[in-house]
Participant: 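Here it is, the structure, as structure tokens.
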Amino acid sequence: MAKFKKIKVPKEGQKITVVKNKLTVPDDPIIPFIEGDGIGPDIWRATKMVLDASVDKAYKGKKKIVWMEIFAGEKAVKVYGKNKWLPNETVDAIREYVVALKGPLTTPIGGGIRSLNVALRQKLDLFACVRPVKYYAGTPSPVKRPQDLDIVIFRENTEDVYAGIEFKARTKAANEIIEFINKGYKKNIREKSGIGIKPISKFGSMRLVKKAIEYAIENNRKSVTLVHKGNIMKFTEGAFKEWGYEVALKEFRDYIITEDELWDQVKGPDGVTPMTKPGAFKKLRGGKPAGNPGSRIVVKDRIADQMFQQLLLRPSEYDVVATPNLNGDYLSDAAAAQVGGLGMAPGSNISYFTGLFEATHGTAPKYAGMDKVNPGSLILSGVMMLRYLGWKEAADKIENSIKKTIRSKVVTYDLARQMKGAKKVKCSQFAKEIVKNMK
């Protein structure tokens, strides 16, 4: 057990543990939280109100979250001193207590850390950024049928551009790398270029895709789509696709069917044979019987730029999405825009068991302390956290209440300005309205 200098461990509550590769959650788990910078304190207070109420109403006092504050960002500097943006004991606390919730964090200036969010992901090996994107009826949207989009994006968190390996133009390191590649491998990188290195490994790719398929199995999802730019970057993103199929076929053969297998076996003289036709699926690759292919998860892949169009024109064809880092960064924000924006977009960063759940938007410092902004992203990240704990009843209460609250048009300014006849309320009032609408 780590000993903390500034973190006050609650006298009540118990730790979440991992026993035989499974999360073991007590009825009174201690959960660390980082309130965040800028609007962080406002949306944290609103989120805590909603989460505590949902647990109390769902379990009649038999379960309770025991919150433990830990520090990162501007508050960490106040507590620990100059340039202590991410104290070691904050990382130790998340590792020890397994599950945590955090608000948005600022980007340090001159603190030696490019991004606190990236630093947390790297230090805790939170290799999967998980972003569910779905529509809550009544939320303003720029598309005609936002309800058709219901996806969960698994974005690799530790490689690709997030590895952060780059060299400034005209530096000795950049010049040496350019010379090495141009002379040794007969390439033609322009002089005075900045250089970035984009690593994508078999290990990193396979564990990300494995996590996505496990999620699809556990949550009765219909497909997993590997999104990549392998038509151009064949040995990085193309390799991600190949390794994704490899782990799917090797470890989940009894659960999945590839899109190619599906089409190969359903084609008949009239074009396509219905999936239910007897004998249409005799055997899958590797000689194993197909069973009922209609109950199998379809594993497919799409080129990254094509996927943007697909999510706009044919969103209902996609379910779980697994992708390298940069593609996932673009896709998750673009998809969120279809269902109301980042104010309604939850997220989490997951390792094998450690889960850090977070608001997906920034700190919006100009609104700090104004009790104004939409707390939906952090509240819905709390819903993800509850589901991760196995507390489905409490999670359902919040989601159902959010739907009712939005339909009643009692919303924060970002939604109210797009909804005719809406009543604009403060951040805290929106949270109170969600609690009031819980059954």
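Side chains included, hydrogens not; waters and symmetry mates left out as well; all remaining heavy atoms used. Predicted, not measured: the structure shown is a model, and the values here were computed from it.
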Participant: Hey, could you give me the NZ/NZ distance between K78 and K75, rounded to the nearest 0.5 Å?
Facilitator: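 One gets 8.0 Å once the value is rounded to the nearest 0.5 Å.
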
Participant: Can you tell whether the side chains of E69 and K8 come within less than 4.0 Å, N to carboxylate O?
Facilitator: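 Result for this pair is no, no salt bridge flagged.
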
Participant: Do V224 and F154 touch side chain to side chain, with heavy atoms closer than 4.5 Å?
Facilitator: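 Of all side-chain heavy-atom pairs linking F154 with V224, none is under 4.5 Å.
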
Participant: Do you know which two heavy atoms are closest between S351 and L126, and how far apart they sit?
Facilitator: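 Closest approach of S351 to L126: N-CD2, 3.8 Å.
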
Participant: Do K134 and V339 come within less than 4.5 Å of each other through their side chains, counting heavy atoms only?
Facilitator: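 A side-chain contact under 4.5 Å is absent here.
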
Participant: Passes side chain to side chain contact (heavy atoms under 4.5 Å, CB included), V25 versus W391? Steps please.
Facilitator: CA-CA 10 Å; V25 182; W391 292 9; 4.0 Å; yes

Participant: For K198, does the NZ atom sit with more than 12 other heavy atoms under 6.0 Å from it, leaving out its own atoms?
Facilitator: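 For K198, atom NZ is crowded (more than 12 foreign heavy atoms under 6.0 Å).
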
Participant: Between R253 and E261, does at least one N-O distance fall below 4.0 Å, as a salt bridge requires?
Facilitator: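 Between E261 and R253 there is a salt bridge, with a charged N closer than 4.0 Å to a carboxylate O.
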
Participant: Kindly determine whether L312 and V143 satisfy side chain to side chain contact (heavy atoms under 4.5 Å, CB included), including the steps that lead there.
Facilitator: CA-CA 8 Å; L312 283 167; V143 299; 4.1 Å; yes

Participant: Cation-pi between K15 and Y97: NZ/CZ under 6.0 Å from ring centre and within 45° of the ring axis?
Facilitator: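 Checked: cation-pi criterion met.
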
Participant: Checking D37 side chain against T106 main chain: does a donor-acceptor pair fall under 3.5 Å?
Facilitator: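 Pair found, side chain donor or acceptor close to backbone of T106.
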
Participant: Does the E156 side chain pair with the main chain of T158, one donor and one acceptor, at a distance under 3.5 Å?
Facilitator: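 Yes.
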
Participant: State whether D125 and R207 are salt-bridged, where the test is any N-O pair (Lys NZ or Arg NE/NH1/NH2 against Asp/Glu carboxylate O) under 4.0 Å.
Facilitator: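 So D125 pairs with R207 through a salt bridge.
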
Participant: So with a 6.0 Å cut-off around NZ of K63, is the heavy-atom count from everything else above 12?
Facilitator: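 Buried by this count: over 12 neighbours within 6.0 Å.
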
Participant: Other residues, nucleotides and ligands only: do more than 12 of their heavy atoms fall within 6.0 Å of NZ on K300?
Facilitator: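 More than 12 heavy atoms, drawn from other residues, nucleotides or ligands, come within 6.0 Å of this atom.
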
Participant: I need the minimum non-hydrogen distance between D160 and N325, along with the two atoms involved.
Facilitator: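 That closest heavy-atom pairing would be OD2-N, 3.2 Å.
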
Participant: Can you classify the ring geometry of Y330 versus F308 as parallel (below 30°), tilted (30 to 60°) or perpendicular (above 60°)?
Facilitator: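 Ring orientation, 0 to 90° scale: tilted.
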
Participant: Measure across V133 and A335 and return the closest heavy-atom pair with its distance rounded to 0.1 Å.
Facilitator: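 Closest approach of V133 to A335: CG1-O, 3.5 Å.
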
Participant: Could you tell me whether E89 and K6 have a side-chain N and a carboxylate O separated by less than 4.0 Å?
Facilitator: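 Salt bridge absent between E89 and K6.
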
Participant: State, with a plain yes or no, whether a side-chain heavy atom of R131 is found less than 4.5 Å away from one of T360.
Facilitator: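 Yes, their side chains come closer than 4.5 Å.
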
Participant: Could you walk me through whether R302 and E317 pass the salt bridge (charged side-chain N to carboxylate O under 4.0 Å, His left out) check?
Facilitator: CA-CA 12 Å; R302 296 290 183 270; E317 295 182 12; 5.2 Å; no

Participant: Would you call R155-D329 a salt bridge at under 4.0 Å N-O?
Facilitator: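 Salt bridge present between R155 and D329.
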
Participant: Can you find a heavy atom in the side chain of S348 that is under 4.5 Å from one in the side chain of E358?
Facilitator: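 Sidechains of E358 and S348: no contact.
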
Participant: Tell me, do Y245 and T258 make a side-chain contact under 4.5 Å, heavy atoms counted?
Facilitator: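 Answer yes - side chains close enough.
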
Participant: Applying side-chain hydrogen bond (donor to acceptor under 3.5 Å, both in side chains) to H228 and N327, what does each step give before you reach the verdict?
Facilitator: CA-CA 7 Å; H228 59 92; N327 300 331; over 6 Å; no

Participant: Measuring from R387:CZ to N219:CG, what's the distance to the nearest 0.5 Å?
Facilitator: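 Output value for this atom pair is 8.5 Å.
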
Participant: Measure the spacing between CD1 of I70 and CD1 of I34 and express it to the nearest 0.5 Å.
Facilitator: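 Interatomic distance, I70 CD1 to I34 CD1, rounded to 0.5 Å: 4.0 Å.
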
Participant: Test your reading of the model: is there a side-chain donor-acceptor pair from D319 to the backbone of K222, 3.5 Å cut-off?
Facilitator: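 Yes: the side chain of D319 pairs with the backbone of K222.
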
Participant: Testing the 3.5 Å rule here: is there a donor-acceptor pair between the side chains of E159 and S201?
Facilitator: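 Yes.
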
Participant: Charged N to carboxylate O below 4.0 Å: is that the case for D52 and K57?
Facilitator: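 A salt bridge is absent here (no side-chain N lies under 4.0 Å from a carboxylate O).
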
Participant: What's the shortest heavy-atom distance between V227 and P324, and which atoms?
Facilitator: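 Heavy atoms of V227 and P324 come nearest at O-CD, 3.1 Å.
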
Participant: Can you name the residues that form a ring-ring contact (aromatic ring centres under 6.0 Å, His included) with F33, not counting sequence neighbours?
Facilitator: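 Residues passing ring-ring contact (aromatic ring centres under 6.0 Å, His included) with F33: W44.
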
Participant: Are any of the side-chain heavy atoms of V99 and P29 separated by less than 4.5 Å?
Facilitator: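 Not touching, per the 4.5 Å side-chain cut-off.
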
Participant: Is any side-chain heavy atom of F430 less than 4.5 Å from a side-chain heavy atom of N374?
Facilitator: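 Heavy-atom side-chain distance check passes, below 4.5 Å.
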
Participant: Assess the residue pair K436 and E433 against the criterion (salt bridge (charged side-chain N to carboxylate O under 4.0 Å, His left out)); give the C-alpha distance rounded to whole Å, side-chain angles, the decisive distance to 0.1 Å, and a yes or no.
Facilitator: CA-CA 5 Å; K436 188 181 82 173; E433 194 71 15; 3.2 Å; yes

Participant: Ignoring hydrogens and angles, tell me if any N or O in the side chain of S401 forms a donor-acceptor pair with the backbone of K397 under 3.5 Å.
Facilitator: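 Looks like no, no N/O pair under 3.5 Å.
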
Participant: If you draw a 6.0 Å radius around NZ in K409, do more than 12 non-hydrogen atoms from other residues or ligands fall strictly inside?
Facilitator: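 Yes, because the 6.0 Å sphere around NZ of K409 holds more than 12 heavy atoms from other groups.
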
Participant: Could you please spell out the steps behind the side-chain hydrogen bond (donor to acceptor under 3.5 Å, both in side chains) verdict for N437 and T405?
Facilitator: CA-CA 7 Å; N437 287 329; T405 304; 2.9 Å; yes

Participant: Okay, side chain of S377, backbone of A345: is any donor-acceptor separation there less than 3.5 Å?
Facilitator: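 Such a contact is found between S377 side chain and A345 backbone.
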
Participant: Examine the side chains of Q338 and Y135 and answer whether a donor and an acceptor come within less than 3.5 Å of each other.
Facilitator: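 Side chains of Q338 and Y135: no pair found under 3.5 Å.
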
Participant: Can V130 and I153 be said to form a side chain to side chain contact (heavy atoms under 4.5 Å, CB included), step by step?
Facilitator: CA-CA 6 Å; V130 184; I153 297 174; over 6 Å; no

Participant: Would K229 and D305 count as a salt bridge (charged side-chain N to carboxylate O under 4.0 Å, His left out) if you check the C-alpha gap in whole Å, the side-chain angles of each, and the deciding distance to 0.1 Å?
Facilitator: CA-CA 8 Å; K229 191 61 179 171; D305 43 325; 3.1 Å; yes

Participant: Using a strict 4.0 Å threshold on nitrogen-to-oxygen distance, state whether R417 and D414 make a salt bridge.
Facilitator: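 Between D414 and R417 there is no salt bridge, as every charged N stays at least 4.0 Å from the carboxylate O atoms.
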
Participant: My understanding is that only residues two or more places apart in sequence, or in another chain, count here; which of them pass ring-ring contact (aromatic ring centres under 6.0 Å, His included) with F167?
Facilitator: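 Per chain and number, F167 pairs via ring-ring contact (aromatic ring centres under 6.0 Å, His included) with no residue.
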
Participant: Mind checking whether K392 and D396 have side chains closer than 4.5 Å, heavy atoms only?
Facilitator: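 In short, these two side chains touch, coming nearer than 4.5 Å.
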
Participant: For the pair V209 and W243, evaluate side chain to side chain contact (heavy atoms under 4.5 Å, CB included) and give the outcome as yes or no after the intermediate values.
Facilitator: CA-CA 9 Å; V209 175; W243 291 326; over 6 Å; no

Participant: Locate the shortest heavy-atom distance separating A212 from A322; write the atom from each residue and the value.
Facilitator: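 It is CB-CB, 4.0 Å.
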
Participant: With sequence neighbours excluded, give me every side chain to side chain donor-acceptor pair (under 3.5 Å) pair touching residues 362-371.
Facilitator: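 Counting only pairs at least two positions apart or across chains, the side chain to side chain donor-acceptor pair (under 3.5 Å) contacts touching residues 362-371 are D371-S428.
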
Participant: Any luck finding a side-chain donor-acceptor pair between N157 and Q122 under 3.5 Å?
Facilitator: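 Looking only at side-chain atoms, Q122 and N157 do not form any donor-acceptor pair under 3.5 Å.
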
Participant: E242 vs K202, test: salt bridge (charged side-chain N to carboxylate O under 4.0 Å, His left out). Steps then yes/no.
Facilitator: CA-CA 9 Å; E242 297 302 323; K202 183 174 184 177; over 6 Å; no

Participant: Are the side chain of K123 and the backbone N or O of N88 linked by a donor-acceptor pair below 3.5 Å?
Facilitator: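 It does not hold such a pair.
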
Participant: Using every non-hydrogen atom in the two residues, find where P375 and I43 come nearest and quote the distance to one decimal.
Facilitator: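 Nearest heavy atoms, P375 then I43: CA-CG2, 3.8 Å.
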
